[in-house]
Trainee: 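Here it is: the structure, laid out below.
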Amino acid sequence: AAPVRPRLAASLVVFRQGAKGPEVLMGRRGAGARFMAGQHVFPGGAVQRSDARRWVGEEENGFEGTVRALARAAVRETFEETGILVGRRAEGAASSFAPAGCLDPVEAAYRERRLTPALGALRLIARAITPTRSRIRFHAHFFLVDERHCIGDPCSGEELEEVRFYPTRDGLPEPIADVTQFVLRRALAIIDGSAPEGVPLYSYVGGMPRIRWG
């Protein structure tokens, strides 16, 4: 059968500095999940049509076109899966926002908490494409953000279990996919200032991982 065309997707790597070094927000997909079942992953998911629309209160962020929609998707999925929002305290009262009935759930959450979406705090750090043998494929874009730009305490939900900040110095939670390990190494290199420029693409050729820089 012909390979399935990858869907656009986005994930968010939220990090913070802990007592033993950087910690990253991750969760474990349930055993019954259709994609990466049982694996520890960063919050994320497929881009939705609504992600192309500018959010109420959204500031200029340097992203354009599809990348801007991907950044919204990463933030939206992180909120849906962990309860965390990327934003800052908004100036003025909540009444200055659009009526609650006109908002998507993530926009309503910003309004309720009197926050402004802070997509400009995100940095695109890597891409990855699911192997052709998979019947569910994504062209995933990974963004990095410091927890200082985030509001809320992480919590588990229907899609992710064991959601919390994991210390990277003590080893990674198991099981974890090779692509997730690659993105994490990339994130840690950026955090400590040793990462090369560019946005690497992690894909598979003949069933073997391949990294291209662009």
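Owing to the predicted nature of the structure, the values given are computational and were not obtained by experimental measurement. FYI, the numbering just counts along the sequence from 1.
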Trainee: Do Leu103 and Arg111 have side chains that get closer than 4.5 Å, going by heavy atoms?
Mentor: yes

Trainee: Quick check: do Leu122 and His149 have side-chain heavy atoms less than 4.5 Å from each other?
Mentor: no

Trainee: Mind running side-chain contact (heavy atoms from CB on, under 4.5 Å) on Leu85 and Leu115 for me, showing each step along the way?
Mentor: CA-CA 9 Å; Leu85 286 169; Leu115 300 173; 3.9 Å; yes

Trainee: So with a 6.0 Å cut-off around CG of Asp153, is the heavy-atom count from everything else above 12?
Mentor: no

Trainee: So do Asp51 and Arg68 actually touch side chain to side chain, heavy atoms under 4.5 Å?
Mentor: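 In short, these two side chains do not touch, never coming nearer than 4.5 Å.
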
Trainee: Can you get from Val199 to Leu12 by hopping between Ile, Leu, Val, Met, Phe, Trp and Tyr side chains that sit under 4.5 Å apart?
Mentor: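 The answer is yes; both residues are in one hydrophobic cluster.
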
Trainee: Among Arg76, Arg72, Gln48, Arg53, which residue meets the side chain to side chain donor-acceptor pair (under 3.5 Å) test with Asp104?
Mentor: Arg53

Trainee: Glu107 side chain to Val56 main-chain N or O, any donor-acceptor pair under 3.5 Å?
Mentor: yes

Trainee: Decide whether a cation-pi geometry holds between Arg186 and Phe182; the criteria are a distance under 6.0 Å from NZ or CZ to the six-membered ring centre and an angle within 45° of the ring axis.
Mentor: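 No, a cation-pi geometry is absent between Arg186 and Phe182.
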
Trainee: Whether the side chain of Glu81 engages the backbone of Gly44 through a donor-acceptor N/O pair (distance < 3.5 Å, no angle test) should be reported.
Mentor: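 Yes: the side chain of Glu81 pairs with the backbone of Gly44.
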
Trainee: Please determine if Arg127 forms a cation-pi arrangement with Phe142, meaning its NZ or CZ atom is less than 6.0 Å from the six-membered ring centre and no more than 45° off the ring axis.
Mentor: no

Trainee: Taking the side chain as everything from C-beta on, heavy atoms only, tell me whether Glu159 gets closer than 4.5 Å to Arg29.
Mentor: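 Touching, per the 4.5 Å side-chain cut-off.
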
Trainee: To the nearest 0.5 Å, what is the distance between CZ (Arg169) and NZ (Lys20)?
Mentor: 7.5 Å

Trainee: Take atom CD in Glu174; do more than 12 heavy atoms of anything else shown fall under 6.0 Å from it?
Mentor: yes

Trainee: Could you tell me the separation between the CD atom of Glu158 and the CD atom of Glu80, rounded to the nearest 0.5 Å?
Mentor: 11.0 Å

Trainee: Verify whether the ring centers belonging to Phe138 and Phe35 lie closer than 6.0 Å.
Mentor: yes

Trainee: Where the side chain of His40 meets the backbone of Pro175, is there a donor-acceptor pair that is under 3.5 Å apart?
Mentor: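 Indeed, once roles are kept as given, a pair shorter than 3.5 Å links the two residues.
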
Trainee: Over 60° means perpendicular and under 30° means parallel, so classify the ring planes of His139 and His141, tilted if in between.
Mentor: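 Aromatic pair His141/His139 classed tilted.
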
Trainee: Ignoring hydrogens and angles, tell me if any N or O in the side chain of Thr168 forms a donor-acceptor pair with the backbone of Pro22 under 3.5 Å.
Mentor: yes

Trainee: Counting N and O atoms only, with roles assigned by atom type, does the side chain of Ser134 sit under 3.5 Å from a partner on the main chain of Thr130, one being a donor and the other an acceptor?
Mentor: no

Trainee: Under 3.5 Å, side chain of Ser156 to main-chain N/O of Val163, donor-acceptor pair present?
Mentor: yes

Trainee: Under a 4.5 Å cut-off applied to non-hydrogen side-chain atoms, are Arg89 and Ile151 in contact?
Mentor: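 In short, these two side chains touch, coming nearer than 4.5 Å.
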
Trainee: Are the side chain of Thr82 and the backbone of Cys155 linked by a donor-acceptor contact shorter than 3.5 Å?
Mentor: no

Trainee: Nearest 0.5 Å, please: how far is CZ in Arg114 from CZ in Arg88?
Mentor: 15.0 Å

Trainee: For the side chain to side chain contact (heavy atoms under 4.5 Å, CB included) test, which of Asp146, Leu119, Val145 pairs with Val86?
Mentor: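 Only one option passes, and that is Val145.
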
Trainee: Taking Asn61 for the side chain and Glu59 for the main chain, is one N or O donor matched with an acceptor at less than 3.5 Å?
Mentor: yes

Trainee: Heavy atoms, side chains only, cut-off 4.5 Å: are Ser11 and Val41 in contact?
Mentor: no

Trainee: What's the verdict on side-chain contact (heavy atoms from CB on, under 4.5 Å) for Val13 and Met26, showing C-alpha distance, side-chain angles and the deciding distance?
Mentor: CA-CA 8 Å; Val13 183; Met26 302 184 74; over 6 Å; no

Trainee: Side chains of Leu160 and Phe42: does their closest heavy-atom pair fall under 4.5 Å?
Mentor: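 Leu160 vs Phe42: side chains apart.
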
Trainee: Mind running side-chain contact (heavy atoms from CB on, under 4.5 Å) on Leu144 and Phe15 for me, showing each step along the way?
Mentor: CA-CA 8 Å; Leu144 181 69; Phe15 78 93; 3.6 Å; yes

Trainee: Side chain of Arg16, backbone of Glu147: donor and acceptor closer than 3.5 Å?
Mentor: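 Pair absent, no side-chain N/O of Arg16 close to backbone of Glu147.
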
Trainee: Once rounded to the nearest 0.5 Å, what's the spacing between atom CG of Leu70 and atom CZ of Phe143?
Mentor: 5.0 Å

Trainee: Using side-chain heavy atoms (C-beta onward) and a distance below 4.5 Å, is Glu77 in contact with Pro43?
Mentor: no

Trainee: Would the number of heavy atoms belonging to other residues, nucleotides or ligands and lying under 6.0 Å from CZ of Arg54 be above 12?
Mentor: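 Count over threshold, so yes.
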
Trainee: Would you give the length of the straight line joining atom CZ of Arg7 to atom CZ of Arg137, rounded to the nearest 0.5 angstrom?
Mentor: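 One finds 13.5 Å between CZ of Arg7 and CZ of Arg137.
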
Trainee: Please assess Leu201 against Ile129 for the test side-chain contact (heavy atoms from CB on, under 4.5 Å), listing each intermediate value before the final yes or no.
Mentor: CA-CA 8 Å; Leu201 171 64; Ile129 299 180; 3.9 Å; yes

Trainee: How long is the span from the CE atom in Met36 to the CD1 atom in Ile176, to the nearest 0.5 Å?
Mentor: 8.0 Å

